[in-house]
Amino acid sequence: MNEKIDYKITLLGDSTVGKTSIFRKLFNFAFRDGVLSTVGVDSKTINFEDVEVNSNGNNEKKCFQITIYDTSGQERFRSIPRNYIRGSDGIILIYDITNKQSFENIKTWSDSISEIISNNNKDKYLVMLLGNKLDLANNSEDNDDKDNENNENKVCREVFTEEGEKICQKYNFDWGGECSAKDFTTQQFKDLIQNFAKRIYLTVDKSDNSRISVTKQNNLNKKKKICC
Ligand code: GDP
């Protein structure tokens, strides 16, 4: 018998910040330029086994089964995926570091999340902030280097790293750092999700057992084949 902890993680953020691209890279699909269509909400499951977690000074090994929801299709039609937000243990809130507006809208997203999950349930979920499109950003020291071929397709970053860190303190988010759905590897995104699952385990109120499922070893092995 094997005990798994089930978490639901939802990707949120303005349209075109790269939610679908991150989702695709996490599940090992190639990066694509251009508008990527998500019809409805896409979801996929990823398993992490024997993950070391240090809880109250004790090292424990845990198995996580994480279902990731990509809500891209929804916000393009100006609809907030309330049901997915409400059922989430973790939310990855994404902005585009080359688009200031997508960063400024983090406040609106934060307000919506608190309102939907409910005011007195703050200990039931965790939010991680992620700045995407790092590959596109010219850092300020490169800006004078107009002849550099590598900079040809780059645009100036509109949000500095420190601004991302600072807003996390303000809203009590975890800082996931900056990433690139284009340049990051699948493993880098898997590591990010695994670390977030550990943080959820250590932070989110575990007083109910609804997230724990017990599976026979055989079933778990079967599942591993279809999941990542
Ligand atoms: P969504 O609406 O948030 O799901 O955003 P998409 O994943 O559909 O991406 C919108 C556009 O941004 C597409 O043209 C993607 O190819 C592009 N894009 C997404 N992530 C990155 C990234 O990390 N780097 C670059 N250069 N482009 C990206």
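Just so it is clear, the values below take in all heavy atoms, side chains as well, and ignore hydrogens, waters and symmetry mates. Just so you know, ligand 1 is whichever comes first in the structure, and atom 1 is the first atom listed for that ligand.
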#### Entry: Spacing of K62 atom NZ and D50 atom CG [to the nearest 0.5 Å]
11.0 Å

### Task
Report yes or no: does L134 have a heavy atom closer than 4.0 Å to ligand 1?
no

### Query
What are the atoms of ligand 1, with element, lying closer than 4.0 Å to any heavy atom of D135?
22 (C), 23 (O), 24 (N), 25 (C), 26 (N)

### Polar proximity ligand 1 side, D70 side, N/O cut 3.5 Å exclusive
no

### Task
Number the atoms of ligand 1 from 1 as they appear, then name those within less than 4.0 Å of a heavy atom of K182, with their elements.
22 (C), 23 (O), 24 (N), 26 (N)

### Task
Indicate yes or no: does E163 engage R157 in a salt bridge with an N to O separation below 4.0 Å.
no

### Task
Please report the shortest heavy-atom distance between N28 and T186, naming the atom on each side.
OD1-OG1, 3.3 Å

### Backbone or side-chain N or O of V17 under 3.5 Å from ligand 1 N or O
yes

### Task
Find the distance between OH (Y201) and CG (D89) and round it off to the nearest 0.5 Å.
13.5 Å

### Query
Do ligand 1 and A181 have nitrogen or oxygen atoms that lie under 3.5 Å from each other?
yes

### For L136, atoms of ligand 1 separated by under 4.0 Å from a heavy atom
26 (N)

### Message
My understanding is that only one of F160, W109, Y95 makes a ring-ring contact (aromatic ring centres under 6.0 Å, His included) with F103; could you say which?
### Response
Y95

### Query
Out of T16, N132, L11, I22, whose heavy atom is nearest to atom 2 (O) of ligand 1?
T16

### Message
Whether the side chain of K19 engages the backbone of D14 through a donor-acceptor N/O pair (distance < 3.5 Å, no angle test) should be reported.
### Response
yes

### Query
Any N or O of C179 that comes nearer than 3.5 Å to an N or O of ligand 1?
no

## Note on the structure
So the atoms of ligand 1 within less than 4.0 Å of a heavy atom of T20 turn out to be 4 (O), 7 (O)

### Query
What atoms in ligand 1 come closer than 4.0 Å to a heavy atom of G18?
1 (P), 3 (O), 5 (O), 6 (P), 7 (O), 9 (O), 19 (C), 20 (N)

### Message
If you take the nearest heavy atom of each of S15, G13, S21, which one is closest to atom 7 (O) of ligand 1?
### Response
S21

### Query
Just by modelled atom types, is the N58 backbone N or O under 3.5 Å from a matching donor or acceptor in the S55 side chain?
no

### Task
Report the distance from atom NZ of K107 to atom OH of Y171, rounding to the nearest 0.5 Å.
5.0 Å

#### Entry: CD1 on I106 to CD1 on I167, rounded to 0.5 Å
6.5 Å

## Note on the structure
Counting from 1 in the order shown, the ligand 1 atoms closer than 4.0 Å to a non-hydrogen atom of S72 are 1 (P), 4 (O)

### Atoms of ligand 1 close to K19 [distance to a heavy atom under 4.0 angstrom, numbered from 1]
1 (P), 2 (O), 3 (O), 4 (O), 5 (O), 7 (O)

### Task
Can you measure from OG1 (T10) to OH (Y125) and round to the nearest 0.5 angstrom?
12.0 Å

### Task
Just jot down the ligand 1 atoms closer than 4.0 angstrom to any heavy atom of S180, in number order.
23 (O)

